[in-house]
Amino acid sequence: MQEAMIKRAKELLADGSVDRVIGWKRGEFAYDITPAVFTSAEELDRDFVCDDFTAANVSKYLVKETQKEGKVLAFLKPCDTYSFNQLVKEHRIDREKVYVIGIEGGPKLDIEKIRAKGITGILGVRNEDYTLKIETIYGTQTMPFYEAVLGKCASCKSKKHVVFDELIGEDGDVLDSNRFEMVEKLENMTAQERFDFWRDQLSKCIRCNACRNVCPACTCENCVFDNPKSGIDNKAPADSFEENMFHIIRAFHVAGRCTDCGECSRVCPQHIPLHLLNRKFIKDINELYGEYQAGADTTSRAPLTDYNKDDCEPSIVHERGVE
Amino acid sequence: MQRIGVFVCHCGTNIAATVDVKAVAEALGHEPGVVISQEYQYMCSESGQELVKNAIKEQKLTGVVICSCSPRMHENTFRKAAASAGLNPYLVEIANIREQCSWIHKDIATATEKAIILGRTAVAKVHLNTPLTSMESPVVKRALVIGGGIAGIQTALDIAEAGFDVDIVEKNPTIGGKMAQIDKTFPTLDCAACILTPKMVEASQNERITIHSFSEVADVKGFVGNFTVKIKKKARFVDETKCTGCGLCTEKCPMKKVPNEFNMGLDNRSAIYIPFAQAVPKVATIDPNYCMMMKSGKCGVCSKVCSAGAIDYKQQDTFIEQQYGAIVVATGFNPIKLDKYDEFAYNQCPDVVTSLELERLMNAAGPNGGTLLRPSDKSHPHTIVFVQCVGSRCDDEKGKPYCSKICCMYTAKHAMLIREKYPDTEVYVFYIDVRTPGKNFDEFYRRAVEQYNVHYIKGMVGKVTPKSDGKIDVQASDLLAGEQLHINADMVVLAAAIEPDKTARPLATMLTTQMDTNDFFTEAHPKLRPVESATAGIFLSGACQGPKDIPETVAQASAAAAKAIGLLCKNSITCNPCVAHSDELMCNGCSSCEKVCPYGAITYVDKEFRMPDRSTKVRRVASVNPAVCQGCGACTVACPSGAMDLSGFSNSQIMAEVDAICK
């Protein structure tokens with residue numbers, strides 16, 4: 001697929017249809033992937049990569065890219081197209097300035113899960129019939145492919161591209177995902193158990209802001225956490241209250257807009273399952289206001305910024321919270 | 001440096017009895033920025049206001065906190081006082097230590113502590129208050145009356161009389177409402193139609209009144225002085241402008257088996273119909289559920305006989321949009337359904353009727369031409385039992401907790417009319433209490449008992465059983481005599497509770513007005529603002545606000561009209577300066593605020609911004625039209641980046657209040 005993508009990108013650059021290409025490039029190691037913008041055929045040939053580690057959602061980068069002159073070619077996986085649509089809906093991305101090529105999605109791999117097997121010195125990976133062959137400086141090692149899959153891919157919600165100008169490969173379907181299983185488990189806990197669970201998780205937070213910086217729903221001109229006027233700006237959690245509040249405020253800010261792309265948990269260096277907070281909101285919205293998938297389209301009105309006479313009464317929301 | 005004055009009101013003993021006002025004044029005197037803290041018996045009195053004004057001048061105050069009653073009561077009083085002393089009125093904050101403190105606490109120590117916290121909160125907020133200036137917004141000189149019963153008609157006539165255009169929206173094919181169905185009225189026993197129909201005609205002839213019959217309110221936007229209302233004119237399949245109301249179509253229509261709503265289903269009408277002889281507008285309506293042409297395409301008789309060519313089987317619902325300065329709600333009432341009252345055999349026996357059905361049975365335009373006959377066998381009833389409070393003053397699920405107010409009087413009326421016309425008929429009335437406050441009301445009831453010998457029995461009817469011989473066994477208790485009774489009756493009349501019309505609730509949602517738990521519209525103040533809703537520019541007329549008889553309804557209708565006229569007289573109204581504004585440097589242009597704005601006050605503009613590197617960037621940002629914004633604050637909550645803020649209730653002010661409470 002990588003070759004087909006590079007070929008098509010070169011064509012579009014050459015005929016002037018696009019001025020830039022957004023994709024991924026490799027860092028020092030095979031698994032060290034970062035989104036990158038390419039402007040020439042040479043750059044594409046040298047650096048462009050699309051493999052089992054290119055999990056990063058490039059949609060958010062288009063906010064800045066579309067503010068520049070010219071048109072951008074973006075390669076979007078199915079999950080990325082939801083984020084893309086949501087940003088178009090919020091007028092953050094100028095749709096006219098993007099040429100979207102839909103590409104096949106994951107499952108992508110989680111390097112941490114491979115390392116957890118005690119495998120180090122990794123040079124590259126190969127998926128051979130769902131057995132992962134891992135080349136290391138110490139020789140080839142193997143592990144079952146699915147044990148190395150990223151959390152967000154293991155609970156994939158859709159293989160369908162909700163927006164594209166052209167596709168490389170086949171389009172898939174919206175999946176019947178098990179993504180709310182853990183949320184349900186948390187809901188069934190007692191308040192104390194749940195609090196303990198989240199304290200255990202959130203106390204690990206080092207306030208690196210990776211989750212915020214990667215989140216496609218976090219594209220504010222001036223984030224409240226950076227704005228001294230907001231009264232909640234801070235650079236580091238001073239106490240446990242702030243540790244909790246940062247993530248809870250963020251979950252509230254993206255509620256109804258989060259497409260469940262899972263980037264927050266993917267980038268968290270402390271492995272906090274932040275996506276569970278967002279999924280709880282998504283599940284609640286679905287239950288209280290009917291099924292809604294942020295980013296599925298660019299025109300529908302989101303339940304939290306819409307009002308209709310059948311909306312559930314606030315008392316119902318309140319009663320759900322009473323133990 | 002802030003110089004804040006705190007003024008604590010005793011409100012006689014209303015506050016002072018449960019709150020140690022001296023301690024409150026003393027404690028708040030130590031709050032940062034407070035330079036004077038006083039208490040006084042009645043802050044709202046002339047001398048109380050003088051105290052505030054003098055302090056503003058002498059102490060050069062920059063902010064004022066009044067610890068008193070709810071801001072709904074006297075906020076304006078104190079704002080005006082501050083303005084007259086040269087302080088911007090929006091630098092005054094009220095701490096409600098009466099409704100939210102003294103009235104709900106018994107313990108002085110707790111109440112005092114809470115009053116101090118509430119005062120401290122207001123001080124924290126006033127530190128961040130900024131001077132605000134009001135703007136003016138024009139008033140559309142046209143009123144909308146929703147509902148064309150006696151309440152709506154009276155309100156419309158009064159508003160039109162004052163020289164303003166009024167539209168009546170009535171969901172039925174004719175105006176007239178419940179009063180048109182009533183036979184005689186208490187306490188004078190004059191004919192309802194004789195006093196109602198002249199008003200209906202007057203309304204239709206008044207040049208300033210437009211009647212949209214068979215229409216509904218579909219959507220309401222805007223705010224006081226400037227509502228935009230979408231009215232759905234339902235297809236009646238007859239061209240209103242052509243139909244002359246000759247009635248030939250209704251005579252010739254072969255489908256004559258449609259239950260007649262006007263006569264409570266006691267007889268039938270044709271599929272094309274005019275509800276009653278004096279209907280306004282006198283225009284036929286086709287009932288598509290029964291019309292054979294509409295259902296099977298075979299018939300078309302009405303179209304053939306109509307010389308005016310008014311029949312249009314293809315007519316569609318149409319929508320009109322109109323601006324209004326004021327809206328009066330007059331949606332009225334209905335008797336409750338009695339399906340759940342098996343004990344009274346309403347569903348089993350045709351001779352068990354509701355009071356409104358009895359009105360039709362006795363009316364000259366009713367199913368029997370005015371002769372009271374049993375619906376089952378058209379025989380004269382000789383024993384009639386009236387049951388009061390069916391579903392009223394009821395504490396179970398089936399009924400309503402309130403008194404329907406009109407039943408005692410109309411039952412006395414019915415009993416009297418029956419005894420007058422058919423002296424051989426025995427009439428029993430079973431009651432819990434007889435409630436007859438009102439001018440000439442008790443005299444009226446006593447006449448029924450003393451002059452007409454109606455048997456009033458205190459006690460409730462336990463069971464009504466239809467018997468095989470066509471009679472009805474009424475089992476009841478006589479509480480005063482302490483005995484069980486069995487009455488062999490010919491008819492039973494149930495005084496069904498009344499409830500607000502079902503259209504009222506969705507309408508309340510559209511109008512953003514409040515309702516009580518029984519779906520009656522809530523007035524802005526139960527004593528002092530009985531005909532206004534809490535939403536500015538929306539007024540209440542008639543039984544939609546609570547059970548009412550005709551005189552009361554008409555009085556309230558005129559009162560609502562007076563309030564609406566008071567508004568329409570003004571060329572412009574002063575807008576609330578507490579409106580939203582967006583911090584363009586923070587705004588992402590995401591449209592969240594625009595979507596939640598109920599007033600359509602938010603638009604987006606592309607604006608050029610200078611960047612730190614001296615380049616420029618064009619960004620889409622929200623812009624609030626302050627004349628349209630009503631300061632509800634929905635946008636400030638929806639804004640993900642905190643760019644939206646509300647003047648007078650800014651995020652920082654609210655946070656300061658929360659901090660002060662949590663201190």
Side-chain angles (χ1 to χ4, degrees), chain A residues 60 63-64 66-69 86-95 97 212 215-233 241 245 249-258 281 294-295 298-311 313-315, chain B residues 128 218-219 503 505-512 517 582-598 602 604-607 609 611-612 615-622 632 634-645 650-659 662:
Chain A
K60 183 176 182 173
V63 174
K64 285 266 156 58
T66 56
Q67 285 168 2
K68 297 176 188 163
E69 288 294 311
Q86 184 62 27
L87 286 165
V88 170
K89 193 177 191 173
E90 292 171 15
H91 305 273
R92 302 299 287 149
I93 290 178
D94 184 350
R95 178 68 181 90
K97 286 187 172 174
R212 179 195 73 178
C215 177
C218 272
T219 66
C220 284
E221 290 293 322
N222 193 345
C223 176
V224 290
F225 296 110
D226 295 338
N227 177 8
K229 274 196 272 178
S230 72
I232 51 166
D233 64 313
F241 180 75
M245 286 319 288
I249 289 173
R250 231 184 61 74
F252 267 99
H253 277 207
V254 303
R257 307 187 298 121
C258 167
F281 275 103
T298 56
T299 49
S300 71
R301 297 191 57 159
L304 295 185
T305 54
D306 194 14
Y307 169 73
N308 68 57
K309 286 173 219 152
D310 306 323
D311 278 355
E313 297 290 331
S315 59
Chain B
L128 300 169
D219 191 32
T503 56
R505 181 156 274 280
L507 187 67
T509 308
M510 277 191 261
L511 295 169
T512 64
T517 49
S582 104
D583 180 344
E584 289 167 342
L585 291 174
M586 304 247 301
C587 175
N588 302 329
C590 74
S591 288
S592 294
C593 55
E594 179 204 20
K595 290 198 175 89
V596 298
C597 179
I602 301 170
Y604 286 86
V605 286
D606 283 324
K607 242 187 169 169
F609 289 90
M611 304 306 287
S615 64
T616 56
K617 184 165 140 189
V618 176
R619 281 200 296 115
R620 177 181 194 271
V621 290
C632 73
C635 57
T636 63
V637 185
C639 180
S641 54
M644 273 288 174
D645 215 350
S650 67
N651 293 331
S652 55
Q653 283 175 307
I654 290 165
M655 288 314 289
E657 290 183 278
V658 174
D659 284 345
C662 301

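In what follows, every chain begins at residue 1, and chains take the letters A, B, ... in the order their sequences are listed.
The number of heavy atoms from other shown groups lying within 6.0 Å of OH (A:Tyr307) is above 12. B:Lys607 NZ: 12 or fewer foreign heavy atoms inside a 6.0 Å radius.
In plain terms, the two heavy atoms of B:Ser641 and A:Val224 that are nearest each other are O-CG1, 3.8 Å.
Atom CG of B:Asp583 sits about 8.0 Å away from atom CG of A:Asn227, to the nearest 0.5 Å. To the nearest 0.5 angstrom, B:Cys590 atom SG is 11.5 Å from A:Lys89 atom NZ. Atoms CD and CD, on A:Glu221 and B:Glu584 in that order, are 12.0 Å from each other to the nearest 0.5 Å.
Scanning for side-chain hydrogen bond (donor to acceptor under 3.5 Å, both in side chains) contacts around A:Arg212 gives A:Asp226, with sequence neighbours left out. By the side chain to side chain contact (heavy atoms under 4.5 Å, CB included) test, A:Thr219 is found to be paired with A:Lys60, A:Val63, A:Leu87, A:Arg92, residues two or more places apart in sequence or in another chain being considered.
Ranked by heavy-atom pairs shorter than 4.5 Å toward chain A, the options B:Pro506, B:Cys593, B:Gly589 are led by B:Gly589. For the set A:Arg301, A:Gln67, A:Arg257, A:His91, the count of heavy-atom pairs under 4.5 angstrom toward chain B peaks at A:His91.
Contacts between B:Cys587 and chain A at a heavy-atom distance below 4.5 Å involve the backbone alone (N, CA, C, O). Residue B:Arg505: no heavy atom, backbone or side chain, is found under 4.5 Å from chain A. In this structure, no portion of B:Ser652 lies under 4.5 Å from any heavy atom of chain A. For B:Met586, the parts sitting under 4.5 Å from any heavy atom of chain A are the backbone and the side chain alike.
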